[in-house]
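As structure tokens, the structure follows; a few thoughts come after it.
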Amino acid sequence: MNKIFTIFASSLLLIGSCSCSDDDKAPDENVNKEDLTPAELSCRNVERAMELVDNAVTNYFSGDGMAMARYYNPYTDSRSDEKGSVWMYTASIEAVNAILHALEQQHKSGITSLYDANFARYKDLLSSLYDNLDYYMGTYTLTSFTQTKEWSVYGVNRGGEKGGAQVDGILNVYDDQMWLIRELIEAYRVTGEAKYLAKAEYLADYVLDGWDCTLDENGEQNGGIPWGPGYVTKHSCSNGPLVSPLVWLHEIYKGKADEVTYGYIAPDNSRKKRTEKKSDYYLEFAKAVYDYQKRNLFIPEQGVYADMMGGAEGDIAYEVVDGVRYRKNTKLNDRAGAPLSYNSGTMISGGADLYRATGDAVYKTDTDKLVAKSFKYFAKFGATHPGYFTFDINGFNNWFNGVLMRSYVDASTTANNVADCIAAFQNNLDYAYEHHLYKHMLPTNLLVGWSHDKGNNKVEGMFTFTFAAEYAVLAKYELTKN
């Protein structure tokens, strides 16, 4: 067992014994949250988050390269041979970042003991997770709308060695890079380490290279980012997740002279280069991506977002301009796919961030409406258990719902009536923890619990990390909501 696994296996013995501070003791597990102060509930939330992560590190990861099993069953003490995709692996980074942010907020609020006992070890875990993320990295050459360039990005599947993953064609997708951009910036913001920011910007350059800047018959950009360089369909998940990180990059560089040079298409269809301040570049693209998704993927009748633009008139196509080959636009005709909670969640977060950055009231109006409509659409009161809201958990919805919860927290400083939406997630987590916790794990179905068939209790690793991330986000929220 390597150092990381040893530290986190040992830490499970300490969870629940830490005090929040001399005045704010960690509350008894049987105390109702309504009887807790915000500081006490924050402490309980982050302790539960750490318990889930510490156990998950031992159960899902193996070897010095931290290979992540997709599934683990606590009843049979078995992990799957199938490895998690890069998207699933990123869920572990998300949980660790969320814990670090919660601990940092507690420290700022004068609650120091959990921070003192745990911040350094989670910072070390974060570094190990990023180091071993390189097993998903590979290098290939891409011809995009404005250039041909070699890139080192993250593939869907884990490779046999660092830097050796397959990433060409459909083996890498833009949304995977976007979730990593988000977590890299989160890591930079909570640690101050420049390596995270540098990688975030590199990946941002990559996905913005995928922006369809070809011009329509009116001379306007067609816009949108395909699901991946090997696809023509443009998805909510390959656009919405980028908005908030671009706003954050704008805020990082606001007031600074740093510049970026990028390609665009002139009215005569020639390819040109333009140089702008990074702060302006990132904000303008954040608005452009947000506008594309709102214009093309919003469903007015339901008030939430569809999955993708499809109905393609052909496959990936290329054109030669001035003797150089470029990708050209493939026209899409149909908005398709059932609404998924994370596609509305990323637009809530993006709208809240754009409102903060610009002060434009349209983003607040959008966010207020989307908070209300999304909760009505995705949360069903009493459907599974009296007194609790049920969210669909089929497929990957547990993780999707975590994105939605985080968006409600992101919008909580400005949106109306968001507290009840957030409370629904807190209540479901607490119900599962207090009724179904088994060997430091929560079941896939928080309100129903485990299967009587012990062999039918495997849990996606990304779901375990999602539950931990939710608890950690809620821990920070308790100290900042007022």
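- Geometrically, Arg79 does not engage Tyr72 in a cation-pi contact defined by less than 6.0 Å to the ring centre and at most 45° from the axis.
- Under the 6.0 Å cut-off for aromatic ring centres, Tyr282 and Trp248 do not qualify, their centroids lying 6.0 Å or more apart.
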Q.
Using side-chain hydrogen bond (donor to acceptor under 3.5 Å, both in side chains), reason through Ser244 and Ser349 one step at a time and then give a plain yes or no.
A. CA-CA 6 Å; Ser244 286; Ser349 294; 4.9 Å; no
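- Checked against a 6.0 Å centroid threshold, the rings of Phe298 and Tyr305 count as neighbours.
- Ring centroids of Tyr388 and Phe381 are separated by 6.0 Å or more, keeping the two rings apart.
- Ring centers of Tyr355 and Tyr363: at least 6.0 Å apart, outside the cut-off.
- A distance below 6.0 Å separates the ring centres of Tyr431 and His436.
- Contacts of Ser78 classified as side chain to side chain donor-acceptor pair (under 3.5 Å), with partners at least two apart in sequence or in another chain: Thr76.
- The distance between the ring centers of Trp151 and Tyr202 falls below 6.0 angstrom.
- The aromatic ring centroids of Tyr174 and Tyr206 lie less than 6.0 Å from each other.
- Using a 4.5 Å heavy-atom cutoff, the side chains of Leu446 and Phe391 are not in contact.
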Q: Under the side chain to side chain contact (heavy atoms under 4.5 Å, CB included) rule, what do Lys234 and Trp227 come out as? Steps first, then yes or no, please.
A: CA-CA 5 Å; Lys234 295 173 182 175; Trp227 189 19; over 6 Å; no
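- The closest side-chain heavy-atom distance from Val53 to Leu125 is below 4.5 Å.
- Arg189 pairs by the salt bridge (charged side-chain N to carboxylate O under 4.0 Å, His left out) definition with Glu186, not counting sequence neighbours.
- Interatomic distance, CG of Asn118 versus CG of Leu100, reported as 10.0 Å (0.5 Å rounding).
- The number of heavy-atom neighbours closer than 6.0 Å to NZ of Lys481, taken from other residues, nucleotides and ligands shown, is above 12.
- For the pair Ser92/Phe61, a side-chain contact is recorded, criterion being any heavy-atom separation below 4.5 Å from C-beta on.
- Around the NZ atom of Lys162, the shell of radius 6.0 Å holds more than 12 heavy atoms that belong to other residues, nucleotides or ligands.
- For Tyr115 and His107, the gap between ring centers is short of 6.0 Å.
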